[in-house]
Amino acid sequence: MDRGLISVDRWEKGSQAYFLTHLHADHTKGLSSTWSHAPLYCSSFTADLIPLKFPHFDLSLLHVFHIGTWQTLNLISRSSGAPTSVEFIAIDACHCPGSVMLLFRGEFGFMLYTGDFRWEKGCKRAAKAKEMLLGAIKDDNVDVVYLDNTYCNPIYDFPSRQVAAKQIIDIITSHPEHDVIIGINTLGKEDLLVQISEALKIKIWVWPERMWTMDLLGISDHFTIKTTITRVRAVPQYSFSVETLEELNKIKCPTIGIMPSGLPWVKKSPPKTKCISRAVLTANCKKAEWSEDDGDGDGEEYEPAGDIGPPEKLHKYIFTVPYSDHSNFAEIRDFIKLIRPTNLKGIVSSSSCYIEPMYYLSLLCQGNRPSEVLNSKLKRKASATVSGSNKKPPGSYIAELARRRCLTMKARLSRIRMSKHSILRKVHRGATIQDNERADLKTDSDGNQVP
DNA sequence: GCGATCAGAT
DNA sequence: CACATCTGATCGC
């Protein structure tokens, strides 16, 4: 706790430098207006937003970094007391405005902290970020990747944001007489709203505080804070509910609601039924173009381990569309194939991520074999970094698949038995780098450091 | 009374 | 059911 060198998205005392990947609430737990432990490094846009979220924050603590430029921090090694330097570079994470992933090089090794990210195929911005990251890594080996493992499970198969945005636009245009409300959070999904605005040639209502963010992004022309001049309104997700919609339909006018993201978009076993909500189907929307097989020859087709597909209790006024700011499984897999780190560790611990990322991705990393991973999996809990030598040869592919399914089932069963409080509550993300360890930072499943 | 933290709802 | 957020209760100062 008090021996840290640098911290990423964690705000306890004890580190000499702090990094914020993006300004979502689950990454700022512990950060406040009165926080003043040490310098805070973040992107320019994040720095612009900090005074809005933390009104009396001491701005002299803020250090803005530029994307794609290496910087050096001169720190003190807590183990030796000697000066030590850490180099870092930030890369666009394409998750929400201002979001970055961070690559660090120091006495702890060479590590990449992805933060939350979504790099889609065919996204120019992601392609540029990828090029930048590869340029920063050069021929070096990344010792450890701290991964956005939110959807690090083959059951999560959802389309690109481009495709999802088109679905949403189709839903709106097929309801020309309806008002539309779209559930969003305080940051993120701006690109979607701009696309809707451009496609429909209308302004979108947002609440006043949200308009400040649009101003900072320079996109406020697409938005308005006057409800009377538009039929499309973006509302806080917490105020988006069946009750809200029923009330609007009862007392105001015909209104539909659209939830971008929403359900876990689980790949279903019969291909033709996959991933399209009943509401969307009954609305007679165009059939979705689902995430294409990338044709890279992997041919990995997983089936869900159980039959807990998406629940079907969708409301008549509500459309849920799989617009996600986190990478789907295929994208995560491609990312790890690209980096091939020695070690891999998830940064998210939540109900859907009871399987650690190494479980599915170990084959793609250096120096790790599936048998080892499967063994370690049986020991449960992510505190162990999966590393070290492996003696057993990998089992056959079919056998491995069978074992995976079996283990997934077991994990699911044990999850069901656990109390709601122990497992369903999300715990916060982050990592603290200690200079007395090599790259294997340790955090337990609750995101706390392990001594 | 205020901020930090947690439980619960959305 | 996810993620991210808000509200309200409780605790410590």
Side-chain angles (χ1 to χ4, degrees), chain A residues 9 11-13 21-36 49 52-57 95-97 99 115-118 148-153 155-158 161 164 181-190 192 207 209-210 213 234-247 257 259-268 275 277-278 304-315 318 320-329 346-354 412 415-416 418-429 446-448:
Chain A
D9 293 348
W11 308 101
E12 296 93 340
K13 268 209 170 77
T21 59
H22 65 289
L23 208 48
H24 276 158
D26 53 334
H27 293 255
T28 57
K29 197 174 160 235
L31 191 58
S32 67
S33 290
T34 56
W35 184 93
S36 62
L49 283 181
L52 300 184
K53 193 171 172 88
F54 303 115
H56 303 295
F57 194 88
H95 168 70
C96 71
S99 66
D116 290 350
F117 80 103
R118 184 158 196 200
D148 174 10
N149 57 316
T150 306
Y151 294 120
C152 190
N153 185 315
I155 63 173
Y156 293 121
D157 174 37
F158 43 75
R161 284 174 288 197
I181 63 171
I182 302 169
I184 61 169
N185 284 316
T186 54
L187 185 61
K189 314 260 194 301
E190 292 79 7
L192 167 66
W207 61 102
E209 293 82 355
R210 199 63 164 87
T213 308
V235 303
Q237 211 179 95
Y238 66 87
S239 71
F240 182 107
S241 67
V242 170
E243 288 70 30
T244 308
L245 276 157
E246 287 183 339
E247 196 68 7
M259 276 298 291
S261 152
L263 296 169
W265 293 92
V266 174
K267 185 184 275 191
K268 289 181 128 182
C275 304
S277 78
R278 176 169 293 172
D307 55 350
I308 56 138
E312 315 260 327
K313 49 162 202 182
L314 290 160
H315 194 267
I318 296 182
T320 57
V321 181
Y323 187 102
S324 169
D325 287 325
H326 295 273
S327 295
N328 66 26
F329 179 75
I347 60 175
V348 183
S349 170
S350 75
S351 59
S352 74
C353 296
Y354 50 88
R412 178 161 291 129
R415 182 165 60 111
I416 289 164
M418 288 182 173
S419 80
K420 192 179 171 190
H421 293 307
S422 67
I423 190 82
L424 284 185
R425 191 155 50 92
K426 217 187 91 181
V427 294
H428 84 262
R429 313 155 181 229
D446 286 332
N448 300 314

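All figures in this text were calculated on a predicted structure; none of them were measured in a lab. We name chains A, B, ... by the order of the sequence lines, and we start the count at 1 in each one.
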Below 4.0 angstrom from OP1 or OP2 of [N], is there any side-chain N or O of [X]?
| X | N | result |
| --- | --- | --- |
| A:Thr34 | B:dA4 | yes |
| A:Ser241 | B:dT10 | no |
| A:His326 | C:dA4 | yes |

Taking C:dT5, C:dA4, C:dA2 as options, the one with an atom nearest any side-chain atom of A:Thr150 is C:dA2

Of the listed C:dA4, B:dC6, B:dT10, the closest approach to the A:Lys29 side chain comes from B:dC6

Would you classify [X] as touching base, sugar-phosphate or nothing, given that sugar-phosphate means primed atoms plus P, OP1 and OP2, and contacts are heavy atoms under 4.0 Å?
| X | value |
| --- | --- |
| A:Ser32 | sugar-phosphate |
| A:Ser33 | nothing |
| A:His56 | nothing |

What is the separation between atom [atom1] on [X] and atom [atom2] on [N], rounded to the nearest whole Å?
| X | N | atom1 | atom2 | value |
| --- | --- | --- | --- | --- |
| A:Asp325 | C:dA4 | CG | P | 8 Å |
| A:Tyr238 | C:dC6 | OH | P | 6 Å |
| A:Ile181 | B:dT10 | CD1 | P | 15 Å |
| A:Phe54 | B:dC2 | CZ | C1' | 17 Å |

Once the angle between the rings of A:Phe54 and A:Phe57 is folded into 0 to 90°, is it parallel (under 30°), tilted (30 to 60°) or perpendicular (over 60°)?
->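 The arrangement is tilted - the two ring planes meet at 30° to 60°.
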
(request) Take A:Asp116 and A:His27 through the test side-chain hydrogen bond (donor to acceptor under 3.5 Å, both in side chains) and record every step on the way to the result. (result) CA-CA 10 Å; A:Asp116 290 350; A:His27 293 255; 3.1 Å; yes

### Message
A:Lys53 vs A:Glu209, test: salt bridge (Lys or Arg N to Asp or Glu O under 4.0 Å). Steps then yes/no.
### Response
CA-CA 10 Å; A:Lys53 193 171 172 88; A:Glu209 293 82 355; over 6 Å; no

Under the 3.5 angstrom rule, does the side chain of A:Asp325 hit a backbone N or O of A:Cys96 as a donor-acceptor pair?
-> no

